[in-house]
Protein chains: 2
Amino acid sequence: MGDIPVTVSSIKQAAEFTGLSEDTIRYYEKIGLLPYADRKASGHRTYSKHQLQGMIFLTRLKATGMTLEEMKRFRMLYEKGEASLPERVSILMEHKNRIQNEIDRLLETQKMIDYKIDNYKEVLVNPDLNNKWKSPYAD
Amino acid sequence: MGDIPVTVSSIKQAAEFTGLSEDTIRYYEKIGLLPYADRKASGHRTYSKHQLQGMIFLTRLKATGMTLEEMKRFRMLYEKGEASLPERVSILMEHKNRIQNEIDRLLETQKMIDYKIDNYKEVLVNPDLNNKWKSPYAD
DNA sequence: TCTTGACTTGGAGCGTACTCCAAGTTATAT
DNA sequence: ATATAACTTGGAGTACGCTCCAAGTCAAGA
């Protein structure tokens with residue numbers, strides 16, 4: 001006995017679930033980032049829970065700076081099956097490293113902003129400081 | 001006695017120092033994100049250390065997701081002088097919050113990637129798991 | 001049956017942030 | 001003096017990631 005395809009969602013529901021717009025989902029399919037979706041007899045797209053979860057994962061990758069091209073490459077590897085697992089692992093690890101670098105940069109900038117806010121607050125309390133003492137980033 | 005203008009850098013040196021391209025610096029000036037730069041008699045742009053530091057600060061804001069429009073607004077306030085200090089502080093604090101949210105999202109995604117990599121590694125060790133047990137994000 | 005809303009396709013258009021180019025001027029090294 | 005590099009301007013073009021539209025089909029309730 002074969003699997004029963006559990007294709008439950010319309011594109012509208014998929015959009016609600018993933019936070020993507022319907023247009024964006026169609027666009028992703030058009031550029032090959034998402035596989036050609038199953039259609040009902042009417043031609044309307046239909047999505048399984050599994051596919052929706054895959055889409056959510058893609059949105060996480062996108063939200064953390066992966067380009068559509070890289071995501072597409074990742075999906076292509078997935079389609080190739082198990083033999084591509086090591087390469088998929090290395091793509092994910094590389095992306096994780098990029099995320100770490102991004103976090104480091106964000107933390108540094110937060111510090112810089114704190115420093116600048118402190119300067120601003122000192123000037124607010126004692127405006128004379130504004131011209132007498134200029135720190136880096138004090139402008 | 002007036003200040004001696006310490007305008008030392010060419011646009012090329014400014015580009016090297018800030019990591020922006022020369023074209024980008026000219027573009028920023030064109031859209032009003034950077035003030036109209038001082039020129040030498042020849043018409044060539046010239047930048048002071050102070051201006052270079054301001055540019056570096058802008059690159060930090062940009063690298064952490066601030067749009068050129070927001071940065072422009074920040075600079076406009078700066079031009080208005082001290083009266084705009086409270087508003088500048090609030091812009092910076094808001095941006096700092098956005099950075100924090102971004103950091104949180106990045107950390108979450110890192111966790112998700114770790115989870116997925118772990119699944120992949122289990123499948124690599126025992127390929128039978130690939131079809132028998134599908135976790136979320138396992139595709 | 002009729003109407004309203006959801007969906008389809010292909011393609012055009014858009015916002016952001018550059019990036020490149022042409023034609024001309026200025027600076028510098030030999 | 002001359003060649004080469006650096007710079008100027010205005011404007012056109014590009015890359016990415018959507019977003020919108022027109023014209024038509026399909027679905028579901030009154």
Side-chain angles (χ1 to χ4, degrees), chain A residues 7-48 51-52 55-76 95 98 102 105, chain B residues 7-48 51-52 55-76 95 98 102 105:
Chain A
T7 53
V8 290
S9 297
S10 66
I11 193 169
K12 184 177 197 185
Q13 290 168 319
E16 269 160 25
F17 183 73
T18 62
L20 297 168
S21 74
E22 299 177 33
D23 270 327
T24 298
I25 292 172
R26 289 192 201 97
Y27 169 69
Y28 282 1
E29 186 184 306
K30 183 154 51 180
I31 65 170
L33 173 55
L34 291 174
Y36 187 80
D38 292 342
R39 315 283 157 129
K40 291 194 270 189
S42 61
H44 293 184
R45 287 171 182 81
T46 232
Y47 299 93
S48 70
Q51 287 170 326
L52 294 182
M55 286 167 67
I56 288 280
F57 185 65
L58 290 184
T59 66
R60 294 299 97 216
L61 294 180
K62 193 192 66 162
T64 52
M66 192 178 275
T67 65
L68 300 188
E69 267 316 303
E70 287 173 296
M71 287 156 65
K72 196 168 153 183
R73 180 147 168 280
F74 187 81
R75 193 184 74 77
M76 297 309 195
H95 187 59
R98 283 204 301 263
E102 174 72 6
R105 253 182 330 122
Chain B
T7 53
V8 288
S9 297
S10 67
I11 193 169
K12 184 176 199 189
Q13 290 169 319
E16 269 159 26
F17 183 74
T18 62
L20 299 168
S21 73
E22 299 177 35
D23 270 329
T24 299
I25 293 172
R26 288 192 203 97
Y27 169 69
Y28 282 1
E29 185 184 305
K30 183 152 55 180
I31 65 170
L33 173 54
L34 291 174
Y36 187 80
D38 291 342
R39 315 284 157 129
K40 291 194 270 189
S42 61
H44 293 184
R45 286 171 183 81
T46 233
Y47 298 94
S48 70
Q51 286 170 328
L52 293 181
M55 285 166 69
I56 288 280
F57 185 66
L58 290 184
T59 67
R60 295 298 95 216
L61 294 180
K62 192 193 68 165
T64 52
M66 192 178 276
T67 65
L68 300 189
E69 268 315 304
E70 286 173 297
M71 287 157 64
K72 196 168 152 182
R73 180 148 166 281
F74 186 80
R75 194 184 74 79
M76 296 309 194
H95 187 60
R98 284 204 301 263
E102 175 72 6
R105 259 188 320 127

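Predicted, not measured: the structure shown is a model, and the values here were computed from it.
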> Do Ser10(A) and His44(A) have a side chain donor and acceptor closer than 3.5 Å?
Replying inline: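 On atom types as modelled, these side chains do not qualify, holding no pair under 3.5 Å.
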Where the side chain of [X] is concerned, which of [options] is the nearest nucleotide?
| X | options | result |
| --- | --- | --- |
| His44(A) | dT19(D), dA27(D), dT26(C) | dA27(D) |
| Tyr27(A) | dC26(D), dC18(D), dT9(D) | dC18(D) |
| Arg39(A) | dT8(D), dT9(C), dC20(C) | dT9(C) |
| Ser10(A) | dT26(C), dC7(C), dA17(C) | dC7(C) |
| Lys30(B) | dG11(D), dC18(D), dC7(D) | dG11(D) |

How many whole angstroms separate atom [atom1] of [X] from atom [atom2] of [N]?
| X | N | atom1 | atom2 | answer |
| --- | --- | --- | --- | --- |
| Asp23(B) | dG11(D) | CG | P | 16 Å |
| Leu20(B) | dA17(C) | CG | C1' | 12 Å |
| Glu22(B) | dA6(D) | CD | C1' | 8 Å |
| Leu61(B) | dA17(C) | CG | C1' | 16 Å |
| Lys72(A) | dC18(D) | NZ | C1' | 15 Å |
| Met71(A) | dC16(D) | CE | P | 14 Å |
| Gln13(B) | dA5(D) | CD | P | 18 Å |
| Lys40(A) | dT8(C) | NZ | P | 9 Å |

>> Less than 4.5 Å apart, side chain to side chain, heavy atoms only: is that true for Arg75(A) and Tyr28(A)?
In response: no
> DNA chain D: Arg26(A) or Ile11(B), which has the more 5' nearest nucleotide?
Replying inline: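 Result of the comparison: Ile11(B).
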>> Does Lys62(A) form a side-chain contact (heavy atoms from CB on, under 4.5 Å) with Leu20(A)? I'd like the steps, not just the answer.
In response: CA-CA 11 Å; Lys62(A) 193 192 66 162; Leu20(A) 297 168; 4.3 Å; yes
> If you measure from the Lys or Arg side-chain nitrogens to the Asp or Glu carboxylate oxygens, is any gap between Glu102(A) and Arg98(A) under 4.0 Å?
Replying inline: no
>> Under 4.0 Å from OP1 or OP2 of dT8(D): is there any side-chain N or O of Arg45(B) that close?
In response: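 For Arg45(B), the contact criterion (side-chain N or O under 4.0 Å from OP1 or OP2 of dT8(D)) is met.
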> If only side-chain N and O atoms of Tyr28(A) are considered, is one of them under 4.0 Å from the OP1 or OP2 phosphate oxygen of dG17(D)?
Replying inline: no
>> Students often get this wrong, so: under 4.0 angstrom with heavy atoms, is Glu69(A) touching a base, only sugar-phosphate, or nothing?
In response: nothing
> Looking only at heavy atoms, which two atoms of Leu52(B) and Thr18(B) are closest? And how far apart?
Replying inline: O-CG2, 4.3 Å
> Toward the 5' end of DNA chain C, which comes first, Lys12(A) or Thr67(B), by nearest nucleotide?
Replying inline: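 That would be Lys12(A).
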